[in-house]
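I have placed the structure first, in the form of structure tokens, so that the comments after it can refer back to it.
Hydrogens, waters and symmetry mates play no part in the numbers below; they use all other heavy atoms, side chains included. First the proteins, then the strands, lettered A, B, ... as listed; each starts at 1.
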Number of protein chains: 2
Amino acid sequence: MNMTGHTKRPASIRDVARAAGVSYQTVSRVINDHPSVKQSTRERVVAAIDELGFRRNATALALASGRTKSVTVLTSNTTHYGYASILQGIEEAARAASYAVGIGVLESDEDSAVAAEVQRAADAGGGLIVIAYDPAGVRALGAVPGDLPVVGVVETPATPPGGDRPWVWTDDREAAYQATRHLLSLGHETVHYAAIPSSTRRTSARTSGWRQALREAGAPEHRPVQGSWGPAGGHAAGRQLAQDPSVTAILCGNDDLALGVLRALYEAGRSVPGEVSVAGFDDAPHAAYLTPSLTTVRLDFTGLGRAAFALLHDVVEESARIAPHPVSVPELVVRESSGPPPSTDH
Amino acid sequence: MNMTGHTKRPASIRDVARAAGVSYQTVSRVINDHPSVKQSTRERVVAAIDELGFRRNATALALASGRTKSVTVLTSNTTHYGYASILQGIEEAARAASYAVGIGVLESDEDSAVAAEVQRAADAGGGLIVIAYDPAGVRALGAVPGDLPVVGVVETPATPPGGDRPWVWTDDREAAYQATRHLLSLGHETVHYAAIPSSTRRTSARTSGWRQALREAGAPEHRPVQGSWGPAGGHAAGRQLAQDPSVTAILCGNDDLALGVLRALYEAGRSVPGEVSVAGFDDAPHAAYLTPSLTTVRLDFTGLGRAAFALLHDVVEESARIAPHPVSVPELVVRESSGPPPSTDH
DNA sequence: TCACTCCGTGTGACCGGTCACAATCTCGGC
DNA sequence: GCCGAGATTGTGACCGGTCACACGGAGTGA
């Protein structure tokens, strides 16, 4: 069509209007599916639209109408499997709804840095999804101005908020409970916990699920060993635990942590699962291929991301009611890394 | 300040102008650091700005000026370590330059899907960074309209483009070369390659670096075994290679693949590094904690992301010249998974 | 036949900035 | 004490859409 070399700027509704012999407002009505446009007119406009290759300018739409059709995800580290998967889920759902997805990384959990990042996200104009699994995220969620549409992806709240609260979560508490029960049922006297950094000063959902299982079984409770998010933190925690010969079962805050723990146990000469059983969380892709392969609890992060977006969508579109969006329940996956404790009875 | 419950809409430059007793244009000058504003006026305006909590509306800026201060990253799977790290690097650099970061995931490499995704990204209005390590990405890079500012993150090009081409890459070819040389220098007769999916029909940069090292050493060359991106693909490839007793060294397209290969070798009863040596790429966080820990080539993906953004920034800001932005060179990290071949001479 | 509604369409203002240009002020030099 | 250059500041149009409302014509009931 356009053989003249100049980069011609994209067609606007007025260009289309001219080509179709109508007013720009009529074009606007057509692209918004407004009912009161005569069939024949509509067809003429549509023809002009795809002859000129018109696409509605998202910026102008946002400015004029206030509606933005975009989400910004605030998160602290996109390289961790869980976070990356949530992001993937959000993007997938957003794409289906033709929303743009923005991302802002919380590099520090210092108040001013977090506030700045929230500001930046707010400037984008659309809705916000805050992944609040860690202190930075929690702080960010708290710093979001009250008038912005926002959904938090959080740990299982102690008391579940009503169905209309804009939060989603997987049932981490239940997941930890299941994993701990599994280990106890194999005959371990108790289960130690190598924790991921908690989102709050209070105990995390995973911690409390673990505690509950121990308590119900009357098993001795030890303090969780503090780890970080990655294998390095797991390794450090594992070294500590490996020194204590009474430790026969370790629950790890996530699969990366578990990897570090496995390595530390190996270095200490303690066999898994012969002497020590290990379980993780998440069922990250590598869990099944480790040696020994890792017993873990599968969490549906992608689904969680989709649910977060769906909820945000409900909020911004102010559709009649804000429906809860279900996330699939955690599922224990038993593999090689867990087994009965070494027999001491003879 | 605002004790009246109503969510009042944010202050505009006209609000600020009124408060400071100047025209809106003067406010515009102040927020753009235009030199010709009297010191005293500027101070008055600045005072009004932070009294009203004014923030420049990004949408209006984009519409009025055309400048957008945003990048959209087109990528195919944000959960893989390399991709996620590049994204992290881009975001970091973008944040420093106060650019917004958008993300679009290429779920399929089918032409129409890719084209739609490119369109969506173009609608955002800003620059584009396309991660073109795989067919979907390559196709997307090709589908970007010529008038859009775009930077590709690509495999080492066969013939390096001039310094002004908007592409960045790590030296994958060199990385593969180094890793292969390392294995050969340990005494292996040859090195097999479990490949990640190539970005093109032609051989990938990693493949050709590997080939070159073999050729130079006069080692027999076998066809690469095709894997996927994750451990599952590595596992399949590993099973295949494990059946061949002549295989003593395997180079894997990335660390995840290597994990799967290690597992397959374990299942086949072949010890690493006793009978078979394995090396990966990337130095992902888990590489150091596997058992055996993984020999790999460290690639600076975060730096690559930063460089990609810097280059894009050069392009859109039309600063005098487009400078090449260096990315640190690959570095071989030798760990437990590689060693001399089993001795056959007695 | 006339007022009254409903349908289809057009006009003008506006969203919150920027740009181009005009208008006013200020000051040094003669 | 007047003039022109440069420094400051203001005005109007515009970016590409939307919104509120006005307008002409067809159909309808009285």
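- Between dT9(C) and T41(A), a contact under 4.0 Å exists linking OP1 or OP2 to a side-chain N or O.
- Atom pair E43(B):CD and dT9(D):C1' shows a separation of 17 Å (rounding to whole Å applied).
- Going from atom NZ of K38(B) over to atom C1' of dC25(C) covers 9 Å, rounded to whole Å.
- Look at D15(B) and R18(B) and you find a salt bridge, because one of the NZ, NE, NH1 or NH2 atoms lies within 4.0 Å of a carboxylate O, short of that distance.
- No salt bridge links R139(A) with E110(A); every basic N to acidic carboxylate O contact stays at or beyond 4.0 Å.
- Between R42(A) atom CZ and dG8(C) atom C1' the separation is 11 Å, expressed in whole Å.
- Using cut-offs of 30° and 60° for the angle between ring planes, the F309(B) and H313(B) rings count as tilted.
- Close to dG10(C), at under 4.0 Å from its OP1 or OP2, lies a side-chain N or O of S23(A).
- Nucleic acid contact class of T26(A) (heavy atoms, under 4.0 Å, all strands): sugar-phosphate only.
- Checking E43(B) against Q39(B) by side-chain atom types alone, a donor-acceptor pair falls below 3.5 Å.
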Q: Classify every nucleotide of nucleotides 15-23 of chain C by which part a protein heavy atom approaches to under 4.0 Å, writing B for the base, S for the sugar-phosphate alone and - for neither, in 5'-to-3' order.
A: BBBBBB---
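- A distance-only check finds no donor-acceptor pair linking the side chain of R306(A) to the backbone of I90(A) [under 3.5 Å].
- We find that CZ of R44(B) is positioned 12 Å from C1' of dT8(D), with the value rounded to whole Å.
- A salt bridge links E117(B) with R120(B); the closest basic N to acidic carboxylate O contact falls under 4.0 Å.
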